[in-house]
**Q** 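Before I ask anything, let me first share the structure, which is written out below as structure tokens.
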2 protein chains.
Amino acid sequence: MVEDTDAGPTPDADAEIVAGRKPPSARVPLDRDTIVAEALTFLDEVGPGGLTMRRLGARLNVEAMSLYRYVPGKEDLLDAIVEHLIRGLYADPEVLAEPRDGWQDFLQRLAHGVRRMALRHVKAFPLVASRPPEAPWLRPPLRSVDWVESFLSGLLAEGFTDEAAVAAYRGFTSFLLGHLLLEVATHGADVGPLDVVEDTTPDPSLEDFPTVARLSGELSEDHAVEEFEIALEQLLERITALKVEHQG
Amino acid sequence: MVEDTDAGPTPDADAEIVAGRKPPSARVPLDRDTIVAEALTFLDEVGPGGLTMRRLGARLNVEAMSLYRYVPGKEDLLDAIVEHLIRGLYADPEVLAEPRDGWQDFLQRLAHGVRRMALRHVKAFPLVASRPPEAPWLRPPLRSVDWVESFLSGLLAEGFTDEAAVAAYRGFTSFLLGHLLLEVATHGADVGPLDVVEDTTPDPSLEDFPTVARLSGELSEDHAVEEFEIALEQLLERITALKVEHQG
DNA sequence: ACCTGAACACCGTTCAAGT
DNA sequence: ACCTGAACACCGTTCAAGT
């Protein structure tokens with residue numbers, strides 16, 4: 001029984017005749033940077049749980065497997081997103097790559113720039129904090145060698161000693177990390193793509209916690225801005241002390 | 001055709017005859033708390049990427065599906081782990097649930113207790129920081145109502161005003177979060193279950209970053225302990241100022 | 001009452017194959 | 001050179017079924 005069962009509809013009509021016609025969406029060649037950029041905006045939309053190689057591929061009109069031409073794997077993609085975020089600071093016109101009106105102004109601008117970035121990418125920022133750094137000197141959230149270089153050489157140019165500059169770097173990073181992570185966390189960090197059910201429960205059995213119950217009003221107030229400004233001022237004071245101390 | 005097809009090997013022998021014999025491994029009834037505890041130690045071993053409902057089930061000699069009797073889902077399990085961690089602070093003999101030798105001692109002990117906990121659970125601690133809090137007053141890493149109650153009522157008993165206590169709470173949490181997250185991150189936070197390849201590359205093209213290259217020695221030094229102690233001292237000073245200011 | 005088997009809809013990633 | 005299809009080994013979760 002060697003019957004020709006290959007009797008399916010062979011669409012030879014379209015194949016070669018209609019050449020020279022562009023596909024509907026002009027085939028952008030899809031490089032690594034557009035993948036990372038798209039991954040970031042997608043992550044901001046759907047949260048970490050929603051970012052999937054397959055879904056990201058679909059977004060770029062491509063099968064998931066095509067992404068592996070440009071990115072070694074999902075982990076590397078996440079790292080690339082973090083780097084993309086941090087390097088994006090150079091594009092912020094309020095942020096200076098080196099001091100112009102003194103180091104205090106330099107650090108003020110940088111701190112506020114990172115804060116704006118964090119608030120613009122609430123769902124992505126936790127990644128900046130939790131991905132393991134590639135080197136011990138790349139402390140989150142300043143996780144790009146470029147910026148560490150900018151930070152340190154900036155302070156050195158302003159008369160800091162090596163030790164003072166490094167100490168300032170340490171203080172600056174843990175200050176930023178603590179404040180910003182807390183801030184984006186309370187902004188409902190990674191609720192993800194799930195339906196957010198409005199919790200209308202007034203006080204879920206807060207009767208055993210009288211102080212929390214009494215102060216829940218004050219505790220819920222959003223003082224993020226003042227907290228940030230005040231703590232930043234105090235940090236700058238401490239860095240000043242540190243600077244003169246290392247010079248004396 | 002109503003034949004009795006139930007002719008499989010009916011093991012009626014063991015069923016009732018040998019009653020009063022325990023199965024080889026004493027069948028612990030598997031409650032929620034042992035699941036959470038096991039999940040935590042497992043997480044500490046394999047990292048967040050390695051924690052799987054199926055693998056956790058296998059660890060407890062049970063199919064993954066059995067876990068759903070005690071835990072609504074994986075997300076809830078992660079939240080439960082976080083709570084378990086924080087409430088574990090009460091078991092630390094160095095930590096006091098309320099002030100005994102003044103509020104500074106109280107906060108010192110609490111801060112060091114949280115630090116020990118973070119360092120004992122390097123892989124799990126980032127969860128404490130990144131899970132979205134259930135209420136705006138539950139700021140990481142002090143994410144259990146019990147502890148917020150302990151913290152606030154402790155300070156109030158020491159003469160703090162409501163405002164000063166709340167402000168101290170805010171300062172204390174962001175200080176802890178920033179320092180500890182940074183510390184566990186540099187301890188190679190969530191490398192996960194992957195093989196950690198020793199990176200023997202000396203300086204991966206650090207030639208464009210002269211300052212980082214020159215200071216990489218200082219930058220790599222581990223000053224975690226001093227940083228923590230100094231910053232904690234400064235925090236306590238700020239809280240003191242805050243306390244008297246609200247009283248005057 | 002407690003656990004299991006089988007199934008569903010999804011993952012990340014590989015590799016040979018298409019154009 | 002770039003993309004795809006099909007496949008593999010895993011996920012979380014459901015539900016009817018077993019004991």
Side-chain angles (χ1 to χ4, degrees), chain A residues 10-12 14-35 39 42-43 46-81 192-195, chain B residues 5-6 8-19 21-35 39 42-43 46-81 192-195:
Chain A
T10 41
D12 49 3
D14 300 340
E16 286 201 307
I17 299 182
V18 281
R21 173 164 58 92
K22 276 189 192 169
S25 68
R27 258 262 177 275
V28 200
L30 184 66
D31 61 349
R32 182 186 160 97
D33 216 68
T34 52
I35 291 181
F42 191 34
L43 177 54
V46 300
L51 177 59
T52 272
M53 297 301 276
R54 294 173 123 110
R55 296 217 263 253
L56 179 58
R59 268 221 160 199
L60 294 158
N61 300 309
V62 119
E63 300 297 314
M65 305 76 203
S66 310
L67 303 174
Y68 288 84
R69 287 240 146 230
Y70 307 92
V71 167
K74 199 193 183 186
E75 296 296 284
D76 305 79
L77 177 59
L78 293 178
D79 284 334
I81 293 178
L194 307 160
D195 302 31
Chain B
T5 53
D6 184 30
T10 42
D12 47 4
D14 300 338
E16 288 203 304
I17 298 181
V18 280
R21 173 165 57 93
K22 278 186 190 171
S25 68
R27 257 262 177 276
V28 201
L30 184 66
D31 61 349
R32 183 186 160 98
D33 216 67
T34 52
I35 291 180
F42 192 34
L43 177 53
V46 299
L51 177 58
T52 272
M53 296 301 276
R54 292 172 124 111
R55 296 217 261 253
L56 178 58
R59 269 219 160 202
L60 293 158
N61 300 309
V62 120
E63 300 297 314
M65 307 74 201
S66 309
L67 303 175
Y68 287 84
R69 288 240 145 228
Y70 307 92
V71 167
K74 199 192 184 184
E75 295 297 285
D76 304 78
L77 177 61
L78 294 177
D79 284 333
I81 292 177
L194 307 160
D195 302 31

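Residue numbers begin at 1 in each chain, while the letters A, B, ... track the order of the sequences.
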**Q** Does dC11(D) have OP1 or OP2 sitting under 4.0 Å from an N or O in the side chain of R55(B)?
**A** yes
**Q** To the nearest angstrom, how far is L56(A) atom CG from dC3(D) atom P?
**A** 13 Å
**Q** What is the distance, to the nearest angstrom, from the CD atom on E63(A) to the P atom on dG12(C)?
**A** 14 Å
**Q** Output the rounded distance in Å from CG (L51(A)) to P (dC10(C)).
**A** 17 Å
**Q** Report yes if the side chains of R69(A) and L30(A) come closer than 4.5 Å at any heavy-atom pair, otherwise no.
**A** no
**Q** At what distance, to the nearest 0.5 angstrom, does CG of L67(B) lie from CE of M65(B)?
**A** 9.0 Å
**Q** Got a second to check how far I35(A)'s CD1 is from M53(A)'s CE, nearest 0.5 Å?
**A** 8.0 Å
**Q** Does OP1 or OP2 of dT4(C) have a side-chain N or O of S66(B) closer than 4.0 Å?
**A** yes
**Q** Which base, if any, makes a Watson-Crick or G-U wobble pair with dT14(D), both distances under 3.5 Å?
**A** dA6(C)
**Q** L77(A) vs L56(A), test: side-chain contact (heavy atoms from CB on, under 4.5 Å). Steps then yes/no.
**A** CA-CA 11 Å; L77(A) 177 59; L56(A) 179 58; 3.6 Å; yes
**Q** Using a 4.0 Å heavy-atom cut-off across all strands, classify M53(B) as base, sugar-phosphate, or nothing.
**A** sugar-phosphate
**Q** Is V46(A) close to T52(A) at the side-chain level, that is, under 4.5 Å between some pair of heavy atoms?
**A** no
**Q** dT4(D), dT14(C), dA7(D): which one has an atom nearest the side-chain heavy atoms of R54(A)?
**A** dA7(D)
**Q** Rounded to whole angstroms, how far apart are CG on D76(B) and P on dT13(D)?
**A** 8 Å
**Q** So, does Y70(A) get its side chain near the phosphate of dA1(D), meaning an N or O under 4.0 Å from OP1 or OP2?
**A** no
**Q** Considering only dC3(C), dC3(D), dT13(C), which nucleotide approaches the side chain of V62(A) most closely?
**A** dC3(D)
**Q** Could you state the CD-C1' distance from E75(A) to dG12(C), rounded to the nearest angstrom?
**A** 10 Å
**Q** When you measure from the side chain of R69(B), which nucleotide among dT14(C), dC3(C), dC3(D) comes out closest?
**A** dC3(C)
**Q** Specify the separation, in whole Å, of atom CG of L67(B) and atom P of dC3(C).
**A** 10 Å
**Q** Now, which nucleotide makes the Watson-Crick or G-U wobble pair with dT19(C), with each of the two distances under 3.5 Å?
**A** dA1(D)
**Q** In this structure, how many angstroms lie between the C1' atom of dC3(D) and the CG atom of L60(A), rounded?
**A** 13 Å
**Q** Report the distance from atom NZ of K74(A) to atom P of dC10(D), rounded to the nearest whole Å.
**A** 18 Å
